[in-house]
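Since the structure comes first, as structure tokens, the remarks are kept for the end.
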Amino acid sequence: MIGILYNFLFYLLQILSFAILARVLISWISPNMDNPIIRILFEITEPILGPLRQFIPRIGMFDLSPIIALLLIQFIQQLLPQVLFRGGL
């Protein structure tokens with residue numbers, strides 16, 4: 001049962017990472033927000049990136065929140081086996 005939960009959370013975080021990466025790539029071409037795929041992508045990633053933007057200032061025209069979000073997701077993925085299989089940190 002814990003293995004199923006681990007796999008679910010791991011792949012959910014992996015999909016979120018790909019969504020953030022796709023959003024970064026799409027932002028370079030100034031996307032059309034009327035496109036439903038673009039809207040879904042922004043709705044999936046904004047709950048993670050929005051709060052990070054409050055704490056991480058922009059550097060010029062560069063938004064570093066996607067990088068921090070990807071690092072946090074990677075950290076959580078590394079921490080998952082310890083939390084789930086060993087019962088804690």
Side-chain angles (χ1 to χ4, degrees):
M1 185 68 180
I2 292 176
I4 294 170
L5 178 63
Y6 168 75
N7 285 334
F8 173 76
L9 291 173
F10 182 84
Y11 288 118
L12 182 69
L13 291 171
Q14 198 68 29
I15 291 168
L16 185 58
S17 294
F18 287 131
I20 291 171
L21 183 60
R23 179 174 172 168
V24 168
L25 294 174
I26 288 172
S27 72
W28 292 347
I29 58 171
S30 65
N32 179 3
M33 291 305 291
D34 293 332
N35 186 328
I37 294 172
I38 303 295
R39 272 190 295 174
I40 290 171
L41 190 61
F42 273 66
E43 288 175 6
I44 289 171
T45 57
E46 191 57 30
I48 288 90
L49 298 178
L52 287 175
R53 275 193 214 103
Q54 294 176 355
F55 298 107
I56 303 166
R58 294 179 81 107
I59 298 178
M61 55 189 255
F62 295 105
D63 181 12
L64 299 179
S65 62
I67 296 170
I68 302 301
L70 290 172
L71 289 172
L72 287 172
I73 290 170
Q74 196 72 359
F75 176 74
I76 292 169
Q77 283 179 323
Q78 296 295 318
L79 201 62
L80 269 178
Q82 294 174 6
V83 172
L84 292 177
F85 295 119
R86 295 189 190 118
L89 300 172

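FYI, the numbering just counts along the sequence from 1. Remember, predicted model here, so these are calculated numbers, not experimental data.
- Note: I73 CD1 to I15 CD1 = 11.5 Å, rounded to the nearest 0.5 Å.
- Between the CG atom of L13 and the CD atom of Q74 there is a distance of 9.5 Å, given to the nearest 0.5 Å.
- When hydrophobic clusters are built by joining Ile, Leu, Val, Met, Phe, Trp and Tyr residues whose side-chain heavy atoms come closer than 4.5 Å, directly or via intermediates, I76 is grouped together with L9.
- At a threshold of 4.5 Å between side-chain heavy atoms, the hydrophobic network of Ile, Leu, Val, Met, Phe, Trp and Tyr places I38 and L25 in two separate groups.
- Taking each heavy atom of I37 and N35 in turn, the nearest pair found is N-OD1, 2.9 Å.
- Using a 4.5 Å heavy-atom threshold, the side chains of F75 and L71 count as separate.
- Both I20 and I40 are members of a single hydrophobic cluster when ILVMFWY side chains are connected at heavy-atom separations under 4.5 Å.
- To the nearest 0.5 angstrom, L64 atom CG is 4.5 Å from I59 atom CD1.
- For the side-chain contact (heavy atoms from CB on, under 4.5 Å) test, residues two or more places apart in sequence or in another chain that qualify with F10 are Y6, Q14, Q77.
- The same ILVMFWY cluster, assembled from side-chain heavy atoms under 4.5 Å apart, contains both L16 and L12.
- With hydrophobic clusters built from ILVMFWY side chains whose heavy atoms lie under 4.5 angstrom apart, L70 does not share a cluster with I26.
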Donor-acceptor list for residues 42-57 side chains, cut-off 3.5 Å, not counting sequence neighbours:
from, atom 1, to, atom 2, distance (Å)
T45, OG1, R23, NH1, 2.8
T45, OG1, L41, O, 2.9
E46, OE1, R23, NH1, 3.0
E46, OE1, R23, NH2, 2.9
E46, OE1, R53, NH1, 3.4
E46, OE2, R53, NH1, 2.9
R53, NE, D63, OD2, 2.9

